[in-house]
K.L.:
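Take a look at this one; I'll ask things after.
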2 protein chains.
Amino acid sequence: MTGKTVLVVDDEQAVRQMVAFNLEREGYQVRQAADTVAARGEIADVRPDLLLLDWMLPGMSGLEFARALRRESYGQDLPIIMLTARGEEEDMVRGLNVGADDYVTKPFSPRELIARIEAVLRRAGASAPGDVLELGGLRLDLGSHRVSAGEQTVEVGPTEFRLLHFFMAHPERVYSRSQLLDRVWGPSVYVEERTVDVHIRRLRKALERHEAAQMVQTVRGSGYRFSARP
Amino acid sequence: MTGKTVLVVDDEQAVRQMVAFNLEREGYQVRQAADTVAARGEIADVRPDLLLLDWMLPGMSGLEFARALRRESYGQDLPIIMLTARGEEEDMVRGLNVGADDYVTKPFSPRELIARIEAVLRRAGASAPGDVLELGGLRLDLGSHRVSAGEQTVEVGPTEFRLLHFFMAHPERVYSRSQLLDRVWGPSVYVEERTVDVHIRRLRKALERHEAAQMVQTVRGSGYRFSARP
DNA sequence: GCGAATATGACACACCGGTGACCGCGCCCC
DNA sequence: GGGGCGCGGTCACCGGTGTGTCATATTCGC
């Protein structure tokens, strides 16, 4: 699943994991950092789309960190949501002045957090993920969550949909079972590699009524490839 | 945007000015009133498009004022956002029942305030009388608050109406339970996600006498979609 | 033709969503 | 002021679907 990437910076592991769990369930990629040093590394590394930043951090405070980021070229466009404990609200005025886009007071509900993230991402512009993928007569519509071949609708289950989505976003390239598990099932899911075979088969079955099954190709010894060419 | 007029009713001058500063920067016309008496005058005078109403006011409370307004002809359509201090959230449930369209807890970020104002105005603007949504034989009349299928009237409750309204305004797109709660119930309402299921069912029940229930579609693992196509 | 890799069918189980019932809260009407 | 009513939210239960695993068949490359 290719969602937006969110970096959570908080010194409490429990908070990070709670956030990660809920965001991943919504389709986000989540990276974690316990302090600003690790955060720097992650930012340079994965270029997150949004930063969830705890107000109280060991060493440099979240406020200073946000200010520092805002002075840098990449950080200027990086949306920031501050996490703060109740009672620190007055400080948040300063936080917002420094350039945070919003803040959430702990404890917060997952829904509230997600709502604010989506609001900020929407504002940051172009948050609507690529809406329709089309390849070799196959159409996959992310918005309506539909797959069609020509005029007909292709019935696929949730996992097959994600698998096909990944394939259509990365065609003409071979992926090993383990890579597919990573990218489609998620990094924190462990299942047998052979499971991929089964879902490949299910995907082919769904496609074969529309003469599109040959687009899912086996590369013996390496993995699978999605291609419009035979 | 042609500069909508917002009336701020709050006894603290600092709050009024902060709000005014931020709203004017966004292009709004802002009027101020320190109490309900002055507010009455302003309302009669400038016919504001939206009312920002402090919960605690000298004399008459914001709640009573809102209730009183709702009983009057002009006030019925006037969108109201309540301003409240943290800790009074429980009371706000009553505020919302009285007819406030949303509320914001102090201290709030300018962003948050503006986002909510825009959300409320969008909702209010969409319900200009005579505005009708039509899709697949279903008609939803915002003005008269009525739903009809062909010649027959479809009986739906308030929540089902809002749900259907949102769906018909955003067809052919999947929304997760969490998104629906955000967009239909509002960002500041916290209920169980499964509550959505129940209202989906109630909506379907209302529609099925008119053979329109199949327009409300389940996308397993993702959410719900409203569509004229099967 | 042989071994390894992949396809396929079957199956058990977890999970998701549908559904009916219940409860509590305002509100309105006696 | 009491009782009924409508509405909204929650819960518990159930049935179906989707998913992962395994055993077995089949194909591929050498």
K.L.:
In whole angstrom, what separates A/R201's CZ from D/dA25's P?
P.N.:
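Distance, rounded to whole Å: 16 Å.
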K.L.:
Quickly work out the A/E155 CD to D/dT17 P distance and round it to whole Å.
P.N.:
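In whole Å, D/dT17 P lies 12 Å from A/E155 CD.
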K.L.:
Can you measure B/L163 atom CG to D/dC7 atom C1' for me and round it to whole angstrom units?
P.N.:
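Taking CG of B/L163 and C1' of D/dC7, I get 15 Å after rounding.
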K.L.:
Any side-chain N or O of B/W185 less than 4.0 Å from the OP1 or OP2 oxygen of D/dG8?
P.N.:
no
K.L.:
According to a strict under-4.0 Å criterion, is A/Y224 in side-chain N/O contact with OP1 or OP2 of C/dA5?
P.N.:
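Checking C/dA5 against A/Y224, no side-chain N or O comes under 4.0 Å of OP1 or OP2.
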K.L.:
Tell me which one of A/L140, A/T153, A/D141 satisfies side chain to side chain contact (heavy atoms under 4.5 Å, CB included) with A/V147.
P.N.:
A/L140
K.L.:
Does B/Y175 have B/R173 sitting over its ring (NZ/CZ under 6.0 Å from centre, angle to axis within 45°)?
P.N.:
yes
K.L.:
How about A/D197 and A/R177: do any of their side-chain heavy atoms sit closer than 4.5 Å?
P.N.:
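Contact flag for A/D197/A/R177 side chains = yes.
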K.L.:
Using atom types as modelled and distance alone, determine if a side-chain donor or acceptor of A/R204 lies under 3.5 Å from a backbone N or O of A/V216.
P.N.:
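Yes.
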K.L.:
Whole Å only: how far is the CZ atom of B/R220 from the P atom of C/dA14?
P.N.:
15 Å
K.L.:
What's the shortest heavy-atom distance between B/M215 and B/L135, and which atoms?
P.N.:
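It is CE-O, 3.5 Å.
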K.L.:
Please report, rounded to the nearest Å, how far the P atom of C/dC16 is from the CZ atom of A/F161.
P.N.:
18 Å
K.L.:
Looking at A/S222 and A/V174, what are the two nearest heavy atoms and their distance?
P.N.:
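Closest approach of A/S222 to A/V174: CB-CG1, 3.9 Å.
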K.L.:
Take the protein atom NZ of B/K205 and the nucleotide atom C1' of D/dG6, then report the distance between them rounded to whole Å.
P.N.:
15 Å
K.L.:
C/dC16, OP1 or OP2 - any side-chain N/O from B/T218 closer than 4.0 Å?
P.N.:
no
K.L.:
D/dT19 C1' sits how many Å from A/E160 CD, rounded?
P.N.:
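So the CD-C1' distance, A/E160 to D/dT19, works out to 9 Å.
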K.L.:
Pull out every protein N or O sitting under 3.5 Å from an N or O of nucleotides 10-13 of chain D, one pair per line with the distance.
P.N.:
unit_1	atom_1	unit_2	atom_2	d
D/dT10	OP2	B/E192	N	2.7
D/dT10	OP2	B/T195	OG1	2.6

K.L.:
Using the rule side chain to side chain contact (heavy atoms under 4.5 Å, CB included), only one of B/V19, B/T5, B/D49, B/I117 pairs with B/Y28; which is it?
P.N.:
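Single side chain to side chain contact (heavy atoms under 4.5 Å, CB included) partner of B/Y28 among B/V19, B/T5, B/D49, B/I117: B/I117.
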K.L.:
Round to the nearest Å and state the distance from B/R177 atom CZ to D/dG9 atom P.
P.N.:
15 Å
K.L.:
Between the base of C/dA7 and the side chain of A/R204, is there any donor-acceptor pair under 3.5 Å?
P.N.:
no
